[in-house]
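Reviewing the structure listed below.
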Amino acid sequence: MAVSTADLYDELEESIQSLPLQLRSFGRRRAFDGKIRTVRCHEDNALLKSVLSTPGEGAVLVVDGGGSLNRALMGDVIAALAVENGWTGVVINGAIRDSVAIDGLDLGVKALGTNPRKSTKLSTGEADVTLSFGGVDFAVGAHLYSDEDGILVERLS
């Protein structure tokens, strides 16, 4: 990412959305950006794994886990799939696990926190739908910018 989120906000101000959630950073990419793809799932990561197994082409997967910290939605195996398939980052409104291993991967990850408890595998959820959390709308195809200062999301429409 060539420009910081702070400078980008100064340039665009209220024409861009700023996520106020205080997410933790994981992975080697502390700054990343890309077009948004989405998954909504609650404590079940089968759909998330399926989406990250497809070509990412530099996209960022935004996952709405409902803010649950009861189970991790992504661990090192799924994060490695994201790297192998060309995803630039994953933003999770929920928990991850295997954080030390994920820190070694060339991927940007933002999540609420960690929990070693694995998710269920029931294939519940929705993909490529508009998500809303933290007062921000995450529309498929909108651009997301992330760095150490936070996350900005392009407004569509």
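In this text the structure is predicted, and so the values were computed from the model without any measurement.
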Next item on the list: Would you name the heavy atoms of Asn85 and Thr54 that are closest together and state the gap between them?
Entry: CB-O, 3.3 Å
Next item on the list: Show your working on side-chain contact (heavy atoms from CB on, under 4.5 Å) between Asp64 and Phe138 and close with a plain yes or no.
Entry: CA-CA 10 Å; Asp64 187 359; Phe138 299 88; over 6 Å; no
Checklist line | Closest heavy-atom pair and its distance - Ile36, Leu144 | finding: CG1-CB, 3.8 Å
Item checked: Check: Glu14 main-chain N/O paired with Arg155 side-chain donor or acceptor under 3.5 Å -> yes
Margin query: As an exercise, state the distance from NZ of Lys49 to OG of Ser123, rounded to the nearest 0.5 Å.
Written below: 10.5 Å
Note to self: For a quick check under 3.5 Å, do Asp44 and Ser119 share a side-chain donor-acceptor pair by atom type?
What the structure shows: no
Next item on the list: Say whether Leu107 and Val63 are linked into one hydrophobic cluster, either directly or through other cluster members, by side-chain heavy-atom distances under 4.5 angstrom.
Entry: yes
Notebook entry, point to check: Is the backbone N or O of Glu43 less than 3.5 Å from a side-chain atom of Thr120, with the two atoms forming a donor-acceptor pair by type?
Noted result: yes
Item checked: Verdict with reasoning, His42 to Ser68, per side-chain contact (heavy atoms from CB on, under 4.5 Å) -> CA-CA 7 Å; His42 183 73; Ser68 175; 3.8 Å; yes
Notebook entry, point to check: What's the shortest heavy-atom distance between Leu52 and Ala82, and which atoms?
Noted result: CD2-CB, 4.0 Å
Check: Taking C-beta and beyond as the side chain, do His143 and Asp33 meet within less than 4.5 Å on heavy atoms?
Finding: yes
Check: Pick from Val60, Ile16, Ile151, Val153: which one makes a side-chain contact (heavy atoms from CB on, under 4.5 Å) with Tyr145?
Finding: Ile16
Check: Is there a donor-acceptor pair under 3.5 Å between the side chain of Asn115 and the backbone N or O of Leu69?
Finding: yes
Notebook entry, point to check: Is a donor on one side and an acceptor on the other found under 3.5 Å between the side chain of Asp147 and the backbone of Ser4?
Noted result: no
Next item on the list: Give a yes or no on whether Val62 and Leu73 share a hydrophobic cluster (residues Ile, Leu, Val, Met, Phe, Trp, Tyr; joining criterion: side-chain heavy atoms under 4.5 Å apart).
Entry: no
Item checked: Enclosure of Gln22 CD (heavy-atom neighbours >12, cutoff 6.0 Å) -> no
Item checked: Donor-acceptor contact below 3.5 Å, side chain Asn93 vs main chain Gly65 -> no
Notebook entry, point to check: Are Ile78 and Ile102 connected in the hydrophobic side-chain network, where two residues link if heavy atoms are under 4.5 Å apart?
Noted result: yes
Check: Looking only at heavy atoms, what is the nearest atom pair of Ala111 and Gly94, with distance?
Finding: CB-O, 3.6 Å
Notebook entry, point to check: Donor-acceptor pair, Trp87 side chain versus Gly108 backbone, under 3.5 Å?
Noted result: no
Margin query: With a 4.5 Å cut-off on side-chain heavy-atom distances among I, L, V, M, F, W and Y, is there a chain of contacts connecting Val90 to Val129?
Written below: no
Notebook entry, point to check: Honestly curious: do Val83 and Leu48 fall in one hydrophobic cluster under the side-chain, below-4.5 Å linking rule?
Noted result: yes
Item checked: Donor-acceptor pair between Tyr9 and Gln17 side chains, under 3.5 angstrom -> no
Next item on the list: State the CG-CZ distance between Asp76 and Arg97, to the nearest 0.5 angstrom.
Entry: 8.0 Å
Note to self: Quick one: does any side-chain atom of Glu13 pair with a main-chain N or O of Glu11 as donor and acceptor, under 3.5 Å?
What the structure shows: no
Checklist line | From Asp149 atom CG to Arg30 atom CZ, the distance as rounded to the nearest 0.5 Å | finding: 13.5 Å
Margin query: Within the 4.5 Å heavy-atom criterion, are Val91 and Ser146 side-chain neighbours or not?
Written below: no
Next item on the list: Specify the closest pair of heavy atoms between Gly27 and Asp103, including all atoms of both residues, with the distance to one decimal.
Entry: N-OD1, 2.9 Å
Next item on the list: Report the C-alpha separation of Phe32 and Lys110 in whole Å, then their side-chain angles, then the decisive distance to 0.1 Å, and conclude whether the side-chain contact (heavy atoms from CB on, under 4.5 Å) test is met.
Entry: CA-CA 10 Å; Phe32 58 92; Lys110 294 272 184 132; 4.2 Å; yes
Next item on the list: Can you measure from CG (Leu61) to CD1 (Ile92) and round to the nearest 0.5 angstrom?
Entry: 7.5 Å
Item checked: Nearest-0.5 Å distance that lies between atom NZ in Lys35 and atom CD in Glu57 -> 13.0 Å
Notebook entry, point to check: Above 12 or not: heavy atoms from other molecules or residues under 6.0 Å from NZ of Lys118?
Noted result: no
Note to self: Quick check for you: to the nearest 0.5 Å, what is the distance between Leu12 atom CG and Asp7 atom CG?
What the structure shows: 11.0 Å
Note to self: Tell me if a side-chain donor or acceptor on Arg71 pairs with a main-chain N or O of Ala95 at a distance below 3.5 Å.
What the structure shows: no
Next item on the list: Grab the two heavy atoms, one from Ala80 and one from Leu105, that are nearest each other, plus how far apart they are.
Entry: N-CD1, 3.7 Å
Next item on the list: Kindly indicate whether the side chain of Ser18, heavy atoms from C-beta on, has any atom under 4.5 Å from the side chain of Leu152.
Entry: yes
Margin query: Is it the case that the side chain of Arg37 and the backbone of Gly56 share a donor-acceptor pair, with hydrogens and angles ignored and the cut-off at 3.5 Å?
Written below: no
Next item on the list: Answer yes or no: is there a donor N or O on one side and an acceptor on the other, between the side chain of Arg24 and the main chain of Leu112, under 3.5 Å?
Entry: no
